[in-house]
Each structure stands twice: as structure tokens, then as C-alpha cells.
2 protein chains.
Amino acid sequence: MAKGGRSQESGEDRLIARYFKPLAQHPAALGLADDAACLTPPKSHDLVLTVDAVVAGVHFLPDDPPASIARKALRVNLSDLAAKGATPLGFLLTLALPPNTDAKFLKPFAKALAQDARVYGCPVLGGDTTGTPGPLTISITAFGTVPHGKMVRRQGARPGDLVMVTGTIGDAALGLRLSQRAGLATQWRLKRGQGAFLVERYREPQPRHALAEAVRRYASAAMDVSDGLAGDLAKLCRASNVSAVAEATQVPLSPAASVALATKPDLFETILTGGDDYEILCTVPRARAARFSAAAKAAGVPLTTIGRIEAGRADMAPGEARFVDANGQPLRFVRGSFSHFG
Amino acid sequence: MAKGGRSQESGEDRLIARYFKPLAQHPAALGLADDAACLTPPKSHDLVLTVDAVVAGVHFLPDDPPASIARKALRVNLSDLAAKGATPLGFLLTLALPPNTDAKFLKPFAKALAQDARVYGCPVLGGDTTGTPGPLTISITAFGTVPHGKMVRRQGARPGDLVMVTGTIGDAALGLRLSQRAGLATQWRLKRGQGAFLVERYREPQPRHALAEAVRRYASAAMDVSDGLAGDLAKLCRASNVSAVAEATQVPLSPAASVALATKPDLFETILTGGDDYEILCTVPRARAARFSAAAKAAGVPLTTIGRIEAGRADMAPGEARFVDANGQPLRFVRGSFSHFG
């Protein structure tokens, strides 16, 4: 130990100062200059709290563009908020960075995060940065607000409700397979640009925040589709203690997914169980369905009715979600719901 | 794709149900059966939000007991809340689990987390579980409450304030070195049990929640000591735009640390810069110091005055934190503040 001088600022402090302080515009963030954020909650509102982690090699590919990684990390959480009918308020960011993570990664990463924070009205409130000997891991805790008592739950679906889903299903799962194996786009007979479209759907979820208020007003139950439509509909049914029948032919597909499916019909299992869709799955009482559809149209969000919630059918267990083919015959999936664990 | 049946429940769902649902007693957690927690914030209070991640091999040793890992992961966050004067409200848990993480790890991990949740009044509100090809990584977002406007900041220290610290400093840093090299306890001439004491101080922080209310009432600025006393005092000074002089001989040491230091005087740098103390560092106006000390005594929390905040001294830069020896000569640290990154 030598004498004189002061202790130096750490690498973590410099990193935060350079790349993340410019993002901290919300007063609760205290300029990222404190140990904690301090949030004055809006009156008469509940806070909706969600956390999702993404890990290189598990939720994104290690060579995905840094901007895409940033967007995915934040948007999987924004997707949860939208499905709960919540308005984004802000987020906390945990970064576990592998050795030698440098400005070439951090600069576009922070820039994309700042853009999304602006677009979705969801500024950074705080965070933690650490090193890791493992893969890049990003955990984001996002906060949203709903008027008191108005968060849309997974439970709440009632017999007779329609089962509806936004956007198109299966694109991301197909995009992941394309990313992992060269030549697949040709095998699937995809047209120009369709392969890139599917890969982009995997890399960058599009949270359906434009529909959040309508979900809050009209849906009886909702969740985002992250682990595959088939498994997630089953989860919603279990939470609501109802069963559901969905028609496979009604599941909305993008032109790219339709081409792939026409070439390889067994891709339908990937489409229904592959996950990473980040669309909203919800149930809506019939009496409100027309108003919900009109609100979706006004918001520019595609919305499709794929099935209905059943009253106690003797041939279905409570909590069962059944997909049927054009002849009304149930489909069974070999892999079941996609799981990030186990 | 075969016909008939329903999609199976995922491994992640089973894991959460078995080990973590029993912890979800708070109504905001919704039994961990939804995508998000829903918190009705207490009236006239602010929410204090903090997040800290711990990574195997970085913040704890891979063969530390699962219960210790759980306690460290939660308590580093509870320590932040205490230093901000906040009362714990609940937490969100993100687990990134290596392959083959089994009940042998998860059962004692969840049990210890449940115990701490009860002891500190900080129940789980939600979370996310994922696999990782890397090391076990645990990110916890903790929520606390303070009466509106009363969170204690890093900024706020004024010339003339006393610099105070709870407990003893350096134990955890010495404990880490003991964990990493056999025979060191003998070299340091530690007495029976002193080595184990220091290792335990590394493994299991003791958040000073008992002092939170007094910090809120009496401290002008506060933070927890996680990256080393020397560096953290400098951070507090920079945030407050003041400078500080602390007396090295006043830094409170445990009997174990005192023995080690008497044998190897150069361990003083490790003690002051090693980090992982999770004690509260705060500044207190002189007029309130006696009441603060009395409150600490009543709460059973050891408290030591180690220095003072300086008015503009010509020989000190704003933001400088200087430790001086018994002759008033400044010490300089070679490594500077401990950093988990870079």
C-alpha cells in the first residue's frame, strides 16, 4: 500500500456512466447515481411487475446484432406488460457481461435500448452490471401501471368466451431454425426476403402495446405467447379452470410461414409449440368481441379468433386446450410446450 | 405430430410449482400463476427499487452451500434497502440454472430463501427461471417503501457531518482469501473458529435492516459498503460533491480481522478495498449524531465514527475520500476500489 492519492473509479462505474446514464431520464432513476431508484407510484393505480432474462445461446444467438439483443431483452418484458393491459412505466437492467465485452457491443446495445425506451415510453430506472465467465445474460425487470384492480389475469376465461390471438404465430420458431441451419430457406421454398423476415421475427419481438388498453377493457383473460401457442393456451385454461378448443386452420400465419408449411406440413408442430411469438393470446366474452375487434383494427393490430372456451364437456379435462384439424380431430404434439428449462 | 392428448407442462413450470410457489404468500404474487405480479402501492409512500445479480465464481464460490448462496443473493439487495432507509416489501427472482441443477441444490436454496423472506418481511412476488450453459446466476429485484420523499440518498453529505459505519469492515474480503487458499488461516495466526467466522462473513451478509428507520431519521447521506469502504466513501463524496477524511485507525475490525492484520499489516488494503462488507456507510450531522448512536445501540447495531466531511480544503479535490494513518498521513491503495467488472 503506497501513500497519497485517492481510489480510482471502477470499470463498472465508467461503463454505466458512458453508456447507460444518458438513458436515465426518468426522475425515479436519480441519474443512476444512487444505489436504488426511487419511484413515486401514480395514484389509484397498481404496479404490474414482470421480469424476464435472456441468455446468449438460449434466448438469442451469440452473433445476433447487439441492437437486436437489446430489443429482445426489453421487448419480451414489454410484451408481458401489454398482455396484462398495462402501460409501461420503466425498467431495471441487469447485465452479466463476458470478459472483453467492449464498446463495439455496448454502444449499439445501449443505443437500441434508448430508442426502444423512447418508443415504448419505458425509461431505464436503474440496474446492475457485473462480469460473468459465462454467456451474456440480460435480466430486465419492467414496471407498468393499470388503474387499480384492472390488471388482466390468466385466470378469468369463461365458457362461451372467444379465444383470440394477435399477429401471426410460428414465425419466430421457424426463424430460429433458419438461423441454425443453412439451406433450409431453399428447402422450404421460401421466396425472396421471406427467410430474413422469419429470422427478424425471432430476433426482434414486436410487443403489442397498442392493444394494451383494449385488452384491459374487453378481455376476460390474457397472456403473451412466449412458450408456444399450444402450451400457453393450456396454461391460460388451467389458470381459469376451463377448457378450450382451437381450430388449427384458424391459426394466423404469415405469408412466409404459409409457404414453409405448404412445403413441409410437419412444421405445424414447430409453429404451434416453438415459442418466441410474443403475440397476445386472450379470451373475450362474445358480447364484447365486436368492440374488441374494432379497437384492434383502430390500433392497427391484426386479431384473429381461433377458438372458444368450452363449458364442461364430458370428453375434455378442465385445463385442457385442444387444437383440432379441419375434421374436428384433435392434434397431439410430440414435444409439447417449448420450455427454456429442462 | 400425432393426434389426441394435450401438451405437457414444462420443466420450468414444475420447478416453480414445487420449490417457489410455497414462498409466494404476498397477494401481489398471485400465487406465481400469472405472467406478472400486481402490486397495490402503499399510500403516501415511495417505492425504493434495487437490483443486484450474483454469479457463481464472481460473487460466491461454486461450492458454497446452496442456503448461503440464496441468502447472499437476497441479502445484498436487502442491504441496499436498509442503507436507503427503506422497509422491505418483496422481491422478484431471476434464476439462470446450469444443466442438471437438481433438487439437492434447489430444495435447500428455496428453503433458505423462504426463511429469509420471513425474517426480513420480504416475500417473493414473481420471477423467471431459465437454463444457462454458463454459471449459476441469480438476479434479484427488491422493493422497499419509504414515506414519500424520505429515501436516503448518496448525495446529501455536508461539511461538518460525521462519517459513520456499522459493524466491522474487511471480514468478507479476508474470508474470500481464506476460501481460496488453504493454509492461510495458519499463516495469519488466526485462533480457533476465526477462519470460519471470516468465511461466513463472506458467504452470508447481515443486512442492517434494524437500522433502516434510524438512517432515515438521522443520516444526511448513506449507502451500503459493497465494493470496499475506501471506494464507496469516495462514491458518496462524489455524489455529495464534498470530500472526506477518515482515520484508518478508527475503522472497526472484528477480533479475527485484527489478528490477521497484526500478523500481516499489508492486509489493511484488502480490508479497506476488498468489498462484500454489506455494512451501512453514512454521514450524520453532528447535532444528530448522539441520537443516531443511541438508536443504533437500541437496535443492537454496532456503529463507529470513522471520519468527517470536510469544508473546501485547498489540498483536497471535491469528491475525494482520504484515509489517513495515525500521523495524519494519507494512505494510497494500489488496487483502488474493488470492481466486479473490468
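Computed from a predicted structure; not experimentally measured. Chain A is the first sequence line, chain B the second, and so forth, proteins listed ahead of strands; every chain is numbered from 1.
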Engineer: Checking heavy atoms, do the side chain of A/Met151, its backbone, both or neither come under 4.5 Å from chain B?
Structural biologist: side chain
Engineer: Side chain, backbone, both or neither: which part of A/Ala86 has an atom under 4.5 Å from a heavy atom of chain B?
Structural biologist: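 Neither part; nothing is under 4.5 Å.
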Engineer: Name, in order of residue number, those residues of residues 37-51 of chain A that have a heavy atom at a distance of less than 4.5 Å from a heavy atom in chain B; otherwise write 'none'.
Structural biologist: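 So the qualifying residues are A/Ala37, A/Cys38, A/Leu39, A/Thr40, A/Pro41, A/His45, A/Asp46, A/Leu47, A/Val48, A/Leu49, A/Thr50, A/Val51.
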Engineer: Mark yes when over 12 heavy atoms from residues, nucleotides or ligands other than A/Asp315 sit less than 6.0 Å from its CG; otherwise mark no.
Structural biologist: yes
Engineer: Do you know which of A/Gly57, A/Ala239, A/Pro133, A/Gly126 has the most heavy-atom pairs under 4.5 Å to chain B?
Structural biologist: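 The answer is A/Pro133.
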Engineer: On a heavy-atom basis, which atom in B/Arg154 and which in A/Ala33 lie closest, and how many Å separate them?
Structural biologist: CD-O, 3.6 Å
Engineer: Sort by residue number and list every member of residues 138-147 of chain B having a non-hydrogen atom under 4.5 Å from chain A.
Structural biologist: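 Hits under 4.5 Å: B/Ser139, B/Thr141, B/Phe143.
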Engineer: Please state whether the side chain, the backbone, both or neither of A/Asn77 comes within less than 4.5 Å of a heavy atom of chain B.
Structural biologist: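 Neither part.
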Engineer: Does any backbone or side-chain atom of A/Ala222 lie under 4.5 Å from a heavy atom of chain B? Answer side chain, backbone, both or neither.
Structural biologist: backbone
Engineer: Looking at A/Ala53, is its backbone amide N or carbonyl O close enough to the side chain of B/Asp128 to form a donor-acceptor pair, meaning the two atoms are under 3.5 Å apart?
Structural biologist: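 Here the side-chain-to-backbone pair exists.
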Engineer: Shorter than 4.5 Å, heavy atoms on both sides: which option in A/Asp224, A/Thr94, A/Thr137, A/Leu125 has the most such pairs with chain B?
Structural biologist: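 Among A/Asp224, A/Thr94, A/Thr137, A/Leu125, the one with the most close pairs to chain B is A/Thr94.
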Engineer: Tell me if the CG atom of A/Asp102 is crowded by more than 12 foreign heavy atoms within 6.0 Å.
Structural biologist: yes
Engineer: List in chain and number order the residues that pass side-chain contact (heavy atoms from CB on, under 4.5 Å) with A/Ala246, two or more places apart in sequence or in another chain; answer none if no residue qualifies.
Structural biologist: A/Leu233, A/Ile306, A/Phe323
Engineer: Could you state the interatomic distance from NZ (A/Lys235) to CG (B/Asp34), rounded to the nearest 0.5 Å?
Structural biologist: 11.5 Å
Engineer: Only pairs of heavy atoms separated by less than 4.5 Å count here; which of B/His148, B/Arg153, B/Gln155 has the most with chain A?
Structural biologist: B/Arg153
Engineer: Between A/Asp80 and chain B, with a heavy-atom cut-off of 4.5 Å, which part of the residue counts as in contact: side chain, backbone, both or neither?
Structural biologist: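 It is the side chain, since no backbone atom gets that close.
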Engineer: Which residues pass the side-chain contact (heavy atoms from CB on, under 4.5 Å) test with A/Pro207, not counting sequence neighbours?
Structural biologist: A/Arg75, A/Leu78, A/Ser79, A/Tyr120
